[in-house]
Amino acid sequence: MQSQSIKFLIIGILNTVVGYLIYFVCLKFFDLNYIFSLLYAHVLGVLHSYFWNSKWTFKKGRKTYKNLLKFSGVYGVSFLINLLVLYILINYLSLTPLLSQGFALFITTLISFIGHKYWSFKISKTHIRSGEHVENK
């Protein structure tokens, strides 16, 4: 568990940097509003995160569309919460989109770890019994 948490944290930091840079570039260089900037950053971040978390953090043996759908579902919920937090911070508290996204990242990181650990990358008992699971150390 501790090893997974550390790996998830490393991937999460890298993914946060990648996503935030995409968000920043979309806002500042392409002059997109925060909603479209978040959408682009989110989609690219999901692909980046799925690749690294499935290969390294959770070492999910078989890659299936079901795994990708579950993974995307967790990030779908995370995206909606992120969007709600941005909307509130920008429109009601008058924070800047960049600062607002910085705050939102704390919330969405926690949500995504819990969702991935206990749903999208959950190891079923049948996989453990059949020897398909490689123990994370």
Side-chain angles (χ1 to χ4, degrees):
M1 170 70 170
Q2 185 178 13
S3 175
Q4 272 185 342
S5 298
I6 291 169
K7 288 178 180 181
F8 186 82
L9 180 64
I10 291 167
I11 298 303
I13 290 168
L14 180 59
N15 202 53
T16 299
V17 169
V18 168
Y20 197 77
L21 282 174
I22 293 167
Y23 182 77
F24 176 81
V25 167
C26 288
L27 279 174
K28 298 299 179 184
F29 294 105
F30 295 109
D31 201 28
L32 296 177
N33 73 15
Y34 71 90
I35 295 172
F36 287 112
S37 298
L38 178 64
L39 183 62
Y40 288 122
H42 186 79
V43 168
L44 293 173
V46 166
L47 294 173
H48 175 267
S49 184
Y50 180 75
F51 175 79
W52 286 108
N53 279 309
S54 65
K55 290 259 187 217
W56 188 53
T57 306
F58 299 105
K59 294 185 182 176
K60 190 72 175 177
R62 296 181 310 173
K63 310 296 184 279
T64 64
Y65 289 109
K66 182 180 178 183
N67 292 349
L68 183 57
L69 287 174
K70 289 170 93 174
F71 187 87
S72 298
V74 169
Y75 272 115
V77 169
S78 178
F79 174 79
L80 292 174
I81 292 169
N82 194 163
L83 189 59
L84 177 64
V85 169
L86 281 179
Y87 182 81
I88 291 168
L89 293 175
I90 292 168
N91 294 303
Y92 291 103
L93 299 179
S94 300
L95 296 179
T96 67
L98 289 173
L99 183 60
S100 297
Q101 181 61 8
F103 286 126
L105 287 173
F106 289 109
I107 298 166
T108 58
T109 299
L110 179 62
I111 291 166
S112 66
F113 177 75
I114 292 168
H116 294 312
K117 173 72 177 164
Y118 296 104
W119 192 56
S120 63
F121 288 112
K122 182 180 178 183
I123 306 295
S124 72
K125 291 178 184 174
T126 56
H127 287 115
I128 293 170
R129 282 193 296 266
S130 69
E132 290 181 37
H133 172 63
V134 176
E135 186 64 34
N136 292 319
K137 295 182 181 185

Could you state whether [X] and [Y] fall into the same hydrophobic cluster, counting links through intermediate Ile, Leu, Val, Met, Phe, Trp or Tyr residues with side-chain heavy atoms under 4.5 angstrom apart?
X	Y	value
Leu86	Ile111	no
Val25	Ile35	yes
Trp119	Trp52	no
Ile13	Leu21	no
Val74	Tyr118	no

Which residue, Asn82, Leu80, Val77, Val85, forms the side-chain contact (heavy atoms from CB on, under 4.5 Å) with Thr108?
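Filter result, single survivor: Asn82.
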Distance from [X] atom [atom1] to [Y] atom [atom2], nearest 0.5 Å?
X	Y	atom1	atom2	result
Ser72	Leu47	OG	CG	8.0 Å
Ile114	Thr109	CD1	OG1	11.0 Å
Phe30	Phe24	CZ	CZ	12.0 Å
Leu84	Leu89	CG	CG	9.0 Å
Leu93	Leu99	CG	CG	10.5 Å
Ile88	Leu95	CD1	CG	11.5 Å

For the rings on Phe71 and Tyr75, is their centre-to-centre separation under 6.0 Å?
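They qualify: ring centres under 6.0 Å apart.
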Smallest separation among heavy atoms of Ala41 and Gly19, with atom names
CB-O, 3.3 Å
Which atom names give the shortest non-hydrogen contact between Ile90 and Ser100, and what distance separates them?
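What the structure gives for the nearest pair is CG1-OG, 3.5 Å.
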Do side-chain atoms of Asn15 reach the backbone of Ile11 as a donor and acceptor pair under 3.5 angstrom?
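No, Asn15 side chain to Ile11 backbone: no donor-acceptor pair under 3.5 Å.
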Short question: side chain of Tyr20, backbone of Leu98 - any donor-acceptor pair under 3.5 Å?
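Checking the backbone N and O of Leu98 against the side chain of Tyr20, a donor-acceptor pair under 3.5 Å is found.
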Dump the intermediate steps for side chain to side chain contact (heavy atoms under 4.5 Å, CB included) on Leu38 and Leu83, then the final yes or no.
CA-CA 8 Å; Leu38 178 64; Leu83 189 59; 4.0 Å; yes
Neighbour count >12 (heavy atoms, 6.0 Å) for atom OH, Tyr40
no
Find out whether Ile10 and Leu14 are in side-chain contact, i.e. whether some heavy atom of one side chain is under 4.5 Å from a heavy atom of the other.
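With C-beta onward as the side chain, the pair stays apart.
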Is the shortest heavy-atom distance from the side chain of Trp56 to the side chain of Phe51 under 4.5 Å?
no
Whether Phe79 and His42 hold their rings parallel, tilted or perpendicular, with breakpoints at 30° and 60°:
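Geometry flag for His42 against Phe79: tilted rings.
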